[in-house]
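Some notes on the structure that comes next.
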Amino acid sequence: GFVVLFIGARRPDWITGIFERLTTPVPKLADFGRDKLGQMLEGLSSLSRVPRFLWVLFWMALAWASNALCYYTLLLAFVPDAGLLMTAFLVGAAAMGVALPSSPGYVGVFHGTVVAALEIFGVPASTGLAYAIVAHLTYVSISAILGAFALGRDGLSVFDVFRRLLTRRTQTAEG
């Protein structure tokens with residue numbers, strides 16, 4: 001998928017041409033999507049240089065690998081015979097699951113996806129749910145600790161950030 005985005009960044013005319021051909025029968029869709037596609041391709045333009053693309057690909061692979069390692073080590077506490085295939089499937093399923101519209105923090109969607117993914121490998125739903133809850137709490141805790149550290153390093157609090165957002169929103173509404 002990322003390679004397709006790279007090709008789109010390098011050859012936006014190809015993507016635009018495919019879009020135009022596919023949406024010709026539906027002019028309203030073409031009108032609606034043309035601007036959105038242009039914005040997306042403009043955003044992808046930063047990936048059009050090979051060195052930058054490879055750098056982003058490296059960091060993305062590192063992020064996925066560290067995520068898989070976290071899933072795997074925690075999963076071993078609940079499913080001692082968990083393997084790499086189960087972990088890889090779980091990471092992919094969870095990523096797809098949280099892409100669905102959900103409540104803030106992926107509450108429910110993440111848990112249901114994890115339970116369903118683990119059930120495919122014969123893990124009981126109760127064990128899958130326990131793993132999902134602990135994994136979710138772990139990620140929320142790590143994010144909160146890192147966020148608090150970063151805010152503290154910058155001399156800010158959550159309330160400072162909230163006030164800045166409200167001020168920016170007020171200024172945007174007035175101007």
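Numbers for residues simply follow the sequence, beginning at 1.
The two residues Leu118 and Gly128 have their closest heavy-atom pair at CD1-CA, 3.7 Å. A pairwise comparison of heavy atoms in Ala94 and Tyr71 identifies CB-OH, 3.4 Å as the closest pair. Residues Arg10 and Arg49 come closest through the heavy atom pair NH1-CA, 4.5 Å. Here the shortest heavy-atom pairing between Ala63 and Ser66 reads O-OG, 2.9 Å. What you find for Ser48 and Ala9 is that their closest heavy atoms are CB-O, 3.6 Å. Here the closest heavy-atom approach between residue Ala68 and residue Thr87 is recorded as O-CG2, 3.4 Å.
Enclosure of atom CZ in Phe159 is not indicated, since only 12 or fewer non-hydrogen atoms of other residues, nucleotides or ligands lie within 6.0 angstrom. Heavy-atom contacts from other residues, nucleotides or ligands closer than 6.0 Å to CE of Met60 number more than 12. The number of heavy-atom neighbours closer than 6.0 Å to CD of Glu42, taken from other residues, nucleotides and ligands shown, is 12 or below. Crowding of Arg11 atom CZ: a count of heavy atoms from other residues, nucleotides or ligands under 6.0 Å exceeding 12.
Connection of Trp64 to Phe53 is established within a shared hydrophobic cluster, with ILVMFWY side chains joined at heavy-atom distances below 4.5 Å, either directly or through further cluster members. Under the 4.5 Å side-chain heavy-atom criterion for Ile, Leu, Val, Met, Phe, Trp and Tyr, Phe6 and Met40 are members of the same hydrophobic cluster. Hydrophobic clustering places Leu165 together with Leu151 (ILVMFWY residues linked when any side-chain heavy atoms are closer than 4.5 Å, directly or through intermediates). Taken together through direct or relayed side-chain contacts under 4.5 Å among Ile, Leu, Val, Met, Phe, Trp and Tyr, Val115 and Leu75 form parts of separate hydrophobic clusters. Both Leu5 and Leu54 are members of a single hydrophobic cluster when ILVMFWY side chains are connected at heavy-atom separations under 4.5 Å.
Note that OG1 of Thr167 and CZ of Phe162 are 10.0 Å apart. Values are rounded to the nearest 0.5 Å. Between atom CG of residue Leu74 and atom CG of residue Leu69 there is a gap of 11.0 Å, rounded to the nearest 0.5 Å. Atom CG of Leu57 sits about 11.5 Å away from atom CG of Leu62, to the nearest 0.5 Å. Atom CG of Leu129 is separated from atom CD of Glu119 by 10.0 Å, given to the nearest 0.5 angstrom. The distance from the CZ atom of Phe89 to the CD1 atom of Ile120 is 3.5 Å, given to the nearest 0.5 Å. Distance CG/Asp13 to CD1/Ile18: 10.0 Å, rounded to 0.5 Å.
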Practice item. Decide side-chain contact (heavy atoms from CB on, under 4.5 Å) for Ile15 and Phe19; before the verdict, give the C-alpha distance in whole Å, the side-chain angles of both, and the deciding distance to 0.1 Å. Key: CA-CA 6 Å; Ile15 304 299; Phe19 174 81; 5.5 Å; no

Exercise for review: Quick one: do Asp160 and Ser157 satisfy side-chain contact (heavy atoms from CB on, under 4.5 Å)? Show the steps, please.
Suggested key: CA-CA 5 Å; Asp160 294 330; Ser157 70; 3.3 Å; yes

Exercise for review: Please report the C-alpha distance between Val98 and Thr113 in whole Å, then the side-chain angles of each, then the deciding distance to 0.1 Å, and finally whether the side-chain contact (heavy atoms from CB on, under 4.5 Å) criterion is met.
Suggested key: CA-CA 8 Å; Val98 298; Thr113 303; over 6 Å; no

Point to revise | Step-by-step side-chain contact (heavy atoms from CB on, under 4.5 Å) determination, Leu85 to Phe121 | key: CA-CA 10 Å; Leu85 176 63; Phe121 289 90; 4.3 Å; yes

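Side-chain atoms of Thr23 do not come within 3.5 Å of backbone N or O of Val26 as any donor-acceptor pair. Judged by distance alone, with hydrogens and angles left aside, the side-chain atoms of Arg52 form no donor-acceptor pair with the main-chain N or O of Leu47 at under 3.5 Å.
With sequence neighbours excluded, the residues forming a side-chain contact (heavy atoms from CB on, under 4.5 Å) with Thr127 are Phe78, Val79, Val123, Pro124, listed by chain and number.
In this pair, Phe58 and Trp55 present their aromatic rings parallel. The plane angle is below 30°, not in the 30 to 60° band.
Two residues are said to be in side-chain contact when any heavy atoms from C-beta on lie closer than 4.5 Å; Asp81 and Met86 fail this criterion. Taking 4.5 Å as the limit, every side-chain heavy atom of Arg34 sits out of range of all side-chain heavy atoms of Thr16.
Side-chain contact of Asn67 with Tyr139: a donor-acceptor pair under 3.5 Å is present, judged by distance alone.
Between Lys28 and Asp31 there is no salt bridge, since no side-chain N of the basic residue sits under 4.0 Å from a carboxylate O of the acidic one.
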